[in-house]
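Only a predicted model underlies this, so the values are computations on that prediction, with no experimental measurement involved. Worth knowing before you read on, the calculation uses all heavy atoms, side chains too, and leaves out hydrogens, waters and symmetry mates.
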Amino acid sequence: MNVIVTKYNDDWNRMFEDEARKIKTIFGDELTDIHHIGSTSVFGLQAKPIIDLMPVAKDIGKIDAFNEQMTELGYECMGEFGMEGRRYFRKGGEHRTHHVHVFQADNKEDIQRHLAVRDYLRAHPQEAEQYGNLKEKLTSQHPNDIEAYMDGKDSFVKNLEKKALDWLG
């Protein structure tokens, strides 16, 4: 899979809002909230142009009942996909446009982790710029190797996550 990182796009928030409306229609009363997470949720941050959404569900077990409707919306239903307690959906095939990470409302650890990183980067633009520069460098080094790209940012992201959670208190 090709690795593409682009400059921040003002349309990303609108794209989140549009997709969030569609997902809320599908999941209905099972959702308590839906958040824009990931790099596209941080103003000014370079990112892979993939919108990450984090719906919060009352009961994660009931989310599987919506797989057919998510498929009709263009998503691949991936189940937990390596993360216990999550339901993961991706849209766009080789040219992904959206990732959906559903967590149950009482899964405070995973929800807080995602929101803490987003909010920390929003509050620390110099850290966001540093992260964006790393992504740009890794993209030029590994334009056709998503695994090498992900491995290259792994320690930075783990450190960022720790700082964000400490900052959150």
What side-chain donor-acceptor pairs closer than 3.5 Å can you find for residues 49-66, not counting sequence neighbours?
{"from": "Asp52", "atom 1": "OD1", "to": "His99", "atom 2": "ND1", "distance (Å)": "3.3"}
{"from": "Asp52", "atom 1": "OD1", "to": "His101", "atom 2": "NE2", "distance (Å)": "2.9"}
{"from": "Lys58", "atom 1": "NZ", "to": "Asp29", "atom 2": "O", "distance (Å)": "2.8"}
{"from": "Asp59", "atom 1": "OD1", "to": "Gly61", "atom 2": "N", "distance (Å)": "2.9"}
{"from": "Asp64", "atom 1": "OD1", "to": "Arg87", "atom 2": "NE", "distance (Å)": "2.8"}
{"from": "Asp64", "atom 1": "OD2", "to": "Arg87", "atom 2": "NE", "distance (Å)": "3.3"}
{"from": "Asp64", "atom 1": "OD2", "to": "Arg87", "atom 2": "NH2", "distance (Å)": "3.4"}

Completion exercise
The reported gap from CD in Glu72 to CD in Gln69 (rounded to nearest 0.5 angstrom) is 6.5 Å

Completion exercise
By ring pair (Phe, Tyr, Trp, His ring centres under 6.0 Å), His142 pairs with (sequence neighbours left out) none

Practice task
Hey, could you give me the SG/CD distance between Cys77 and Glu68, rounded to the nearest 0.5 Å?
Solution key: 9.5 Å

Handout entry: Residues forming a ring pair (Phe, Tyr, Trp, His ring centres under 6.0 Å) with Tyr75, sequence neighbours excluded
Key = none

Practice task
Report the residues that fulfil side chain to side chain contact (heavy atoms under 4.5 Å, CB included) with Asp10, sequence neighbours left out, ordered by chain and then residue number.
Solution key: Tyr8, Phe43

Exercise for the section: For Phe103, check ring pair (Phe, Tyr, Trp, His ring centres under 6.0 Å) against everything at least two apart and list the hits. Expected result: His114

Exercise for the section: Keeping the roles fixed (side chain from Lys24, backbone from Glu19), state whether a donor-acceptor pair exists under 3.5 Å. Expected result: no

Practice task
Under the side chain to side chain contact (heavy atoms under 4.5 Å, CB included) rule, what do Val157 and Tyr131 come out as? Steps first, then yes or no, please.
Solution key: CA-CA 8 Å; Val157 170; Tyr131 185 34; 3.6 Å; yes

Completion exercise
Residues pairing under salt bridge (charged side-chain N to carboxylate O under 4.0 Å, His left out) where one sits in residues 98-113, two or more places apart or in two chains, turn out to be Asp110-Arg113, Arg113-Glu161

Practice task
Give me the other members of the hydrophobic cluster that Met78 sits in, counting Ile, Leu, Val, Met, Phe, Trp and Tyr linked by side-chain heavy atoms under 4.5 Å, directly or via other members.
Solution key: Phe81, Tyr88

Problem - Pairwise side-chain contact, Ile34 with Phe27, heavy-atom cut-off 4.5 Å (strictly under) - result: no

Handout entry: Side-chain heavy atoms of Arg14 within contact of Asp18, under 4.5 Å
Key = yes

Practice task
Answer whether the closest heavy-atom distance between the side chains of Gln112 and Leu168 falls below 4.5 Å.
Solution key: yes

Handout entry: Which atom of Asn9 lies closest to which atom of Asp11, heavy atoms considered
Key = OD1-N, 2.7 Å

Exercise for the section: Find the distance between NZ (Lys137) and CG (Leu134) and round it off to the nearest 0.5 Å. Expected result: 6.5 Å

Exercise for the section: Could you pull out all residues at least two apart from Tyr149 that satisfy side chain to side chain contact (heavy atoms under 4.5 Å, CB included)? Expected result: Val3, Val5, Lys48, Lys135, Leu138, Thr139, Ile146, Lys153

Problem - Closest non-hydrogen atom pair, Pro125 against Arg122 - result: CD-O, 4.3 Å

Handout entry: Over all atoms of both residues, closest heavy-atom pair of Ala116 and Leu165
Key = CB-CD2, 3.9 Å

Handout entry: Point-to-point distance, once rounded to the nearest 0.5 Å, from CG of Leu121 to OG of Ser39
Key = 7.0 Å

Handout entry: Worked verdict on Lys22 versus Ile26 for side chain to side chain contact (heavy atoms under 4.5 Å, CB included)
Key = CA-CA 7 Å; Lys22 295 172 189 173; Ile26 291 172; 5.7 Å; no

Fill in the blank from the handout: Hits for side-chain hydrogen bond (donor to acceptor under 3.5 Å, both in side chains) against Lys163, two or more places apart or cross-chain, chain-then-number order -> Glu127

Exercise for the section: Please identify each residue that fulfils ring pair (Phe, Tyr, Trp, His ring centres under 6.0 Å) with His124, with sequence neighbours left out. Expected result: Tyr120, Trp167

Handout entry: Those residues that, when tested against Asn133, pass side chain to side chain contact (heavy atoms under 4.5 Å, CB included) (two or more places apart)
Key = Gln46, Glu129, Glu136

Completion exercise
Those residues at least two apart in sequence (or on a different chain) that pass side-chain hydrogen bond (donor to acceptor under 3.5 Å, both in side chains) with Asp154 are Lys158

Exercise for the section: Inspect the contact between Glu76 and Arg90 and indicate whether a charged nitrogen and a carboxylate oxygen are less than 4.0 angstrom apart. Expected result: yes

Problem - Residue pair Trp12 / Leu45: nearest heavy atoms and the distance that separates them - result: CZ3-O, 3.8 Å

